[in-house]
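First comes the structure, then the notes that go with it.
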Amino acid sequence: MPNTKYLVVGSSHAALEAVQAIRMHDSEGSLTLLTRDSHLPYSPTVLPYVVSGRSAPNAVALRDDAYFTQHKVDFVRGKAVKSLHADRNAVELDDGSEIAYERLLLATGASPAIPPIEGIGSVSYHVLRTLDDATKLNAAMKQAKQAVVMGAGLVGMHAAENLVKAGVPVTIVEMAKQLTDGYFDATAAGLIEKAFTDNGAKILTGSRVVKLAPSSLGATLTLDSGATLEADLLLVATGVRANIGFLNGSGALVAHDRGILVDETMQTSAANVWAAGDVAQAKGFFSEDKVMNAILPDAAEQGRIAGQAMVGDPGLRRYPGGIPLNTYHFFGRHAISVGSSKVPEGGEVFTRFDEASGRYLKAIFLDGRLRGIYGVNEFFDGGVMCQLILRGTDLTPVKERFLAEPMKVGRELMSKLWR
Amino acid sequence: MSAYATIAFDAAKCDGCGKCMSACSIQKVGADDTARSRIQIGGSADAGFELALCRQCGDPRCVAVCPAGALSKDGASGVIGWDATKCVDCLLCTVGCAYAGIALDAEAGHVAKCDMCAGAPACVPACPTGALRHVTTARIYNEVGHWEDLFAPGLAGCQGCNTELLMRHTLRRAGPDTVLATPPGCVPGMGSVGFNGTTGTKVPVFHPLLTNTAAMLAGIKRQYERKGREVLAMAIAGDGGASDVGFQSLSGAAERNERIFFMVVDNEGYMNTGMQRSSCTPYGAWTSTTPVGVGKGPAGMPSQGKTQDAKNLPLIMVNHRCEYVATASTAYMEDLYDKLDKAIAASKRGFAYLHVYSPCTTGWRFPTDQNMEVARKAVETNFVTLWEYTPQEGLSFTRRIDQPLPVTEYLKAMGRFRHLSNDQISHIQSKVVENLAFVKQLAQVAKV
């Protein structure tokens with residue numbers, strides 16, 4: 001059985017940051033990066049731009065073979081982990097072979113969650129999580145006459161925008177009362193919705209697809225209202241589910257809930273096993289409860305911490321807890337959200353909305369400290385805001401100025417804090 | 001690995017004029033539009049001015065969170081580059097950066113960041129107050145980093161001492177064809193002469209007496225010459241060994257113009273043996289033999305540190321008309337390297353002397369992370385002056401301080417001056433002025 005000192009499963013941000021962190025401290029120990037994907041590492045976040053054609057599929061790689069050679073990384077692609085045997089420090093691959101490890105990182109990410117709708121197995125639909133998904137969707141988009149997007153999260157919205165720009169009539173169906181629920185509030189979602197409807201998209205919020213059936217065009221969707229929609233291109237973007245199927249062999253050893261439960265150094269309940277990224281369920285910043293915070297910056301942060309922990313880097317700093325961070329570009333506008341959207345007890349909410357320019361700002365404070373900040377067409381430095389939240393910086397003395405000019409005042413504060 | 005140039009910002013010197021932002025925007029977008037500048041100055045005169053600028057991080061978060069591979073750090077220049085053809089305008093990099101170093105240029109519709117203007121940042125020369133500096137000292141590391149380190153690892157210096165830095169840099173520059181003399185003092189104390197029968201250097205080294213260093217070294221150099229071998233004969237001595245008990249042999253070798261290189265590491269006392277005063281110890285300084293508040297001084301006053309002024313040994317060496325005489329400081333490594341080059345070259349023709357001011361963490365009593373700062377303050381207050389002398393060119397300053405800080409900025413940085421009275425401080429300040437005037441007069445002589 002081949003064995004490796006460090007085995008990293010997955011090849012996106014968490015895995016790549018872990019590799020980097022390991023190699024910062026141990027330049028020689030054998031390191032294997034294993035992915036079920038057949039491509040060089042890429043980011044799921046770039047896929048909507050592959051769909052639109054803006055990014056060429058062969059130009060989105062985050063690392064190339066030269067990097068792996070230089071850093072002595074054995075990059076194995078096209079092989080998936082079937083079972084984890086944490087009791088004997090080995091993984092079993094889908095081809096039946098096994099790899100023994102000394103330290104293992106599970107950065108296996110997530111896959112689209114397919115809702116259990118009647119008839120979903122009888123129609124053909126797209127999802128968007130892998131590069132192959134993206135190239136397929138890109139090809140289908142060019143032929144499509146009528147598209148339906150199920151789910152108005154950021155993946156669904158991005159794809160819908162691409163379809164609109166490609167001249168395909170699009171309907172977005174979303175269960176929640178607003179678009180981008182969980183990312184942006186109703187006002188911001190309203191601005192997003194307006195941009196979409198102005199560009200010809202149809203939006204059905206508060207609607208659920210209850211039945212799917214094949215039709216001459218492609219598929220007929222029946223909504224809970226009884227109305228029906230026809231589509232020759234159907235995209236299911238109703239969320240993701242952590243890839244933890246391989247735990248079947250080690251289910252008892254590796255504690256899991258919706259994802260793999262990890263501590264503040266990304267270690268799982270099993271010896272020699274860490275997890276990071278979209279597959280991990282780590283503590284949130286605003287509560288000790290373990291949450292799924294499936295966003296790119298957090299995956300990178302968790303991956304780095306896991307790598308440092310695996311390699312015994314004394315520079316390791318414990319995970320402070322996940323803070324939601326999202327940026328969203330739509331029809332030439334942008335939206336940024338940093339921190340919690342929930343208003344805690346005793347919290348204060350400030351909003352500022354200029355209807356003419358479409359500039360919207362919302363900030364949530366608790367005891368003079370920032371908890372969350374959202375802007376549409378109002379640029380501020382998300383990284384600076386995140387630091388203000390993490391550090392619990394008291395903004396009471398500058399609150400009025402901060403709300404008027406968050407970018408300027410945020411920069412002043414941060415520059416002082418760093419000095 | 002490379003070391004990189006950087007743009008340094010001194011908030012205390014910034015007056016918020018915004019000329020850096022104008023220069024940047026003109027350079028980068030062809031219009032004077034400070035909102036589009038990649039260097040952003042914020043704040044106010046009352047609260048102080050603040051900076052938002054890409055730090056060109058070694059472990060950049062913006063690169064780690066870019067989903068499109070559009071950002072990357074260039075290993076040669078250190079600059080984090082942005083590839084417009086790969087960028088998808090997602091703005092995640094702005095969420096990754098904690099310094100506001102990459103931000104949206106709303107007019108362009110893309111992010112924009114500092115690219116150091118290909119090695120000649122436009123903002124720096126535009127700054128009228130010196131708040132922005134283009135620090136290029138990294139070139140020393142890039143140039144000499146792969147040269148052989150001729151000292152053994154693990155020298156036994158005090159925490160925070162700069163002498164290990166000085167020894168390693170000097171020997172690395174001197175190269176393997178060197179014979180080294182290290183008379184009693186901190187340098188052999190740190191391990192140059194080694195332990196248990198093995199030396200601490202990778203070149204021949206010997207441990208002369210304090211009194212005969214220059215004489216022995218001159219003899220050794222002559223013997224090598226007789227044998228037809230070209231070596232650099234070099235001494236690294238302390239100020240005590242050079243200015244006090246070793247002075248007659250030093251002066252004699254200089255007068256005979258022996259082809260040797262004599263470096264003095266001046267920590268202003270016999271620091272290796274318990275911090276006794278030397279003739280280079282400055283007026284007012286506490287040492288173990290010029291104590292404070294104990295016994296009676298010569299005028300019947302309680303003792304308040306050293307009562308005599310320091311001997312200015314490098315100026316005395318100028319009066320030997322040596323092939324090369326210079327003063328240097330580890331706070332100004334580029335200057336030090338220039339002088340090392342010149343001293344080594346001059347030692348092929350005759351006597352070369354380099355006097356390096358070396359703050360002593362233990363004996364001067366300052367925190368161990370402050371060595372460079374103390375060395376820098378000594379220069380910025382004109383407490384010490386950096387200059388060089390050759391018989392052909394005379395004496396010239398290599399680093400003029402046009403607006404010196406008051407000497408108290410230097411004195412208060414360490415414990416050995418803590419007891420000073422106002423009269424003593426006035427005395428020291430007047431000596432600083434006098435010494436500077438004296439060196440300036442010598443520089444005038446050179447121009448005749």
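Below, chain A is the first sequence line, B the second, and so on; all start at residue 1.
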Heavy-atom pairs under 4.5 Å with chain A: which of B:A70, B:A11, B:C90, B:G101 has the most?
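Of B:A70, B:A11, B:C90, B:G101, B:C90 has the most heavy-atom pairs under 4.5 Å with chain A.
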Pick from B:T94, B:V95, B:V88, B:D89 with the largest number of heavy-atom pairs that fall under 4.5 Å of chain A:
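Among the listed options, the one with the most contacts to chain A is B:V88.
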Of the backbone (N, CA, C, O) and the side chain (C-beta and beyond), which part of [X] lies under 4.5 Å from a heavy atom of chain A, both, or neither?
X: B:C66; value: backbone
X: B:A47; value: both
X: B:C97; value: backbone
X: B:C87; value: backbone

Flag if over 12 foreign heavy atoms under 6.0 Å of [atom1], [X]:
X: B:R133; atom1: CZ; answer: no
X: B:K19; atom1: NZ; answer: no
X: B:E148; atom1: CD; answer: yes
X: A:E400; atom1: CD; answer: no
X: A:R333; atom1: CZ; answer: yes

Count the heavy-atom pairs under 4.5 Å between each of [options] and chain B, then report the option with the highest count.
options: A:L413, A:T327, A:L325; result: A:T327
options: A:T45, A:L296, A:L47; result: A:L296
options: A:K408, A:Q20, A:Q387, A:R54; result: A:R54

Please report the shortest heavy-atom distance between [X] and [Y], naming the atom on each side.
X: B:A98; Y: A:M414; value: O-CG, 3.2 Å
X: B:G42; Y: A:E412; value: C-CG, 4.2 Å
X: B:A64; Y: A:A300; value: O-CB, 4.2 Å
X: A:L62; Y: B:P67; value: CD2-O, 3.7 Å

Could you grab the distance from atom [atom1] of [X] to atom [atom2] of [Y], nearest 0.5 Å is fine?
X: A:H329; Y: B:L92; atom1: NE2; atom2: CG; result: 11.5 Å
X: A:D381; Y: B:L91; atom1: CG; atom2: CG; result: 10.5 Å
X: A:R411; Y: B:I41; atom1: CZ; atom2: CD1; result: 11.0 Å

With a 4.5 angstrom heavy-atom cut-off, could you sort out which part of [X] is near chain B: side chain, backbone, both or neither?
X: A:S55; value: side chain
X: A:V384; value: both
X: A:R304; value: side chain

Can A:E17 and B:R61 be said to form a salt bridge (Lys or Arg N to Asp or Glu O under 4.0 Å), step by step?
CA-CA 10 Å; A:E17 281 298 296; B:R61 300 288 90 199; 3.3 Å; yes
Can you find a pair of side-chain heavy atoms, one from B:L104 and one from A:M407, that are under 4.5 Å apart?
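No, every pair of side-chain atoms sits at 4.5 Å or beyond.
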Please check this pair: side chain of A:H13 against backbone of B:V65, looking for a donor-acceptor N/O pair closer than 3.5 Å.
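Flag not set: sc A:H13 to bb B:V65 has no pair under 3.5 Å.
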